[in-house]
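A short write-up of the structure that comes next.
Residues take their numbers from the sequence shown, with the count starting at 1.
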Amino acid sequence: MSETLIVEEVMQAALSGTLATMLLYGVTCMQTFHYWQTYKHDKKYLKSMVAFIWLLETAHTALSIHFVEYYFIIHFGEFTHLGYAVWSMGATCFIGFFIGYVVNLCFIWRILQLGQNRWIAVCFVAVATVRCGFGLANCVLSFIYPMWTDFRGRVFATMVTGQVLSAVVDGVIAFTLCFYLRKRRTGMKRTNSIIKRLQLYSINTGAITSLFAVLAVISFIYLPTTTAFVAFVQVQGKLYATSFLASLNARKRTLEKIEQPVPTADALSLFRAARPDLSFLQAIEAEKSVTINICGDSLNTGMDSHATGPVAS
């Protein structure tokens with residue numbers, strides 16, 4: 001195999017993955033800044049979670065840059081080094097899997113708040129933990145067996161199993177969130193519109209990360225001489241953080257939609273003389289009374305509608 005081909009197969013995907021992670025890190029920084037500027041009154045544990053994820057993302061990006069620098073600058077032209085995985089590559093994936101696990105736990109907590117079913121939450125936590133265990137084990141094996149050919153042979157089963165579990169977990173979590181949100185529909189236009197918005201966020205969160213897990217499996221199986229799977233694993237870790245921060249930052253817009261004024265009995269009393277039958281006002285007052293608790297930690301999304309009774313007789 002020519003030296004040029006070796007460089008292309010080993011470093012092309014890794015470089016592309018690093019460039020993508022740097023782009024997504026910029027998005028993460030923007031989301032984090034927006035969060036700190038907009039949600040100054042959030043609970044401390046949620047602020048700590050955002051800060052912790054941002055720090056992990058910063059370390060993830062720094063390590064991604066290091067292993068590209070290791071091959072292209074520090075050991076430029078030394079082709080023997082291309083046959084081995086540098087330690088920072090395994091460390092990058094290690095942090096990425098841990099970020100995914102933390103974000104999964106946050107979404108599982110939302111499911112618990114919506115469904116109040118501890119057994120479902122426990123099952124999700126168990127599967128997410130196993131999935132994270134497979135990923136971390138693969139990272140440890142990359143330190144023990146740094147030669148690419150040796151590494152691939154030893155982690156084939158755990159790599160495929162872990163990424164398949166990742167796709168399944170992300171998809172099932174998104175589906176479950178949508179299911180419980182759908183059960184909270186009240187039949188009122190405004191409430192249903194808000195629920196559809198929350199469902200869309202949930203679907204996007206699960207679909208994107210599941211897609212990259214599937215792409216990582218496909219590239220690992222059908223591109224055995226390249227490191228394309230590393231690029232997809234790198235980007236997957238970034239997508240977990242961006243999806244989590246996006247769900248937090250979406251609260252303001254949702255709250256603004258909730259707080260938009262609606263016609264009330266007082267506003268419509270002007271039409272009393274023209275239309276003495278105002279029984280339709282009861283439905284309007286009921287819609288006004290819909291409350292959605294997405295303040296504070298944004299993870300309580302209990303939706304209950306109630307009517308205050310007839311507003312006109």
Q. Is Ser142 reaching over with its side chain to a backbone N or O of Cys139, donor-acceptor style, under 3.5 angstrom?
A. yes
(Q) If we ignore hydrogens and angles and just use 3.5 Å, is the side chain of Arg152 paired with the main-chain N or O of Pro224 as donor and acceptor? (A) yes
Q) What distance do Thr18 atom OG1 and Phe67 atom CZ have between them, rounded to the nearest 0.5 Å? A) 3.5 Å
Is the [atom1] atom of [X] crowded by more than 12 outside heavy atoms at less than 6.0 Å?
X      : atom1 : value
Phe143 : CZ    : yes
Phe94  : CZ    : no
Tyr70  : OH    : yes

Q: Locate the shortest heavy-atom distance separating Glu57 from Gly237; write the atom from each residue and the value.
A: OE2-O, 3.6 Å
Q. Do Arg110 and Ser247 pass the side chain to side chain donor-acceptor pair (under 3.5 Å) test, and can you show the C-alpha distance, the side-chain angles, and the key distance before you say yes or no?
A. CA-CA 12 Å; Arg110 293 186 183 187; Ser247 66; 2.8 Å; yes
**Q.** Mutual orientation of the aromatic rings belonging to Phe175 and Phe179 [parallel < 30°, tilted 30-60°, perpendicular > 60°]
**A.** parallel
Q: If the plane angle is over 60° it's perpendicular, under 30° parallel, otherwise tilted; pick one for Phe229 and Trp148.
A: perpendicular
Answer with yes or no whether the side chains of [Y] and [X] bring together a donor and an acceptor at under 3.5 Å.
X      : Y      : value
Asn104 : Tyr240 : no
Tyr39  : Asn249 : no
Gln234 : Thr92  : no

**Q.** Worked check of ring pair (Phe, Tyr, Trp, His ring centres under 6.0 Å) between His66 and Trp87
**A.** CA-CA 10 Å; His66 174 267; Trp87 66 269; 5.2 Å; yes
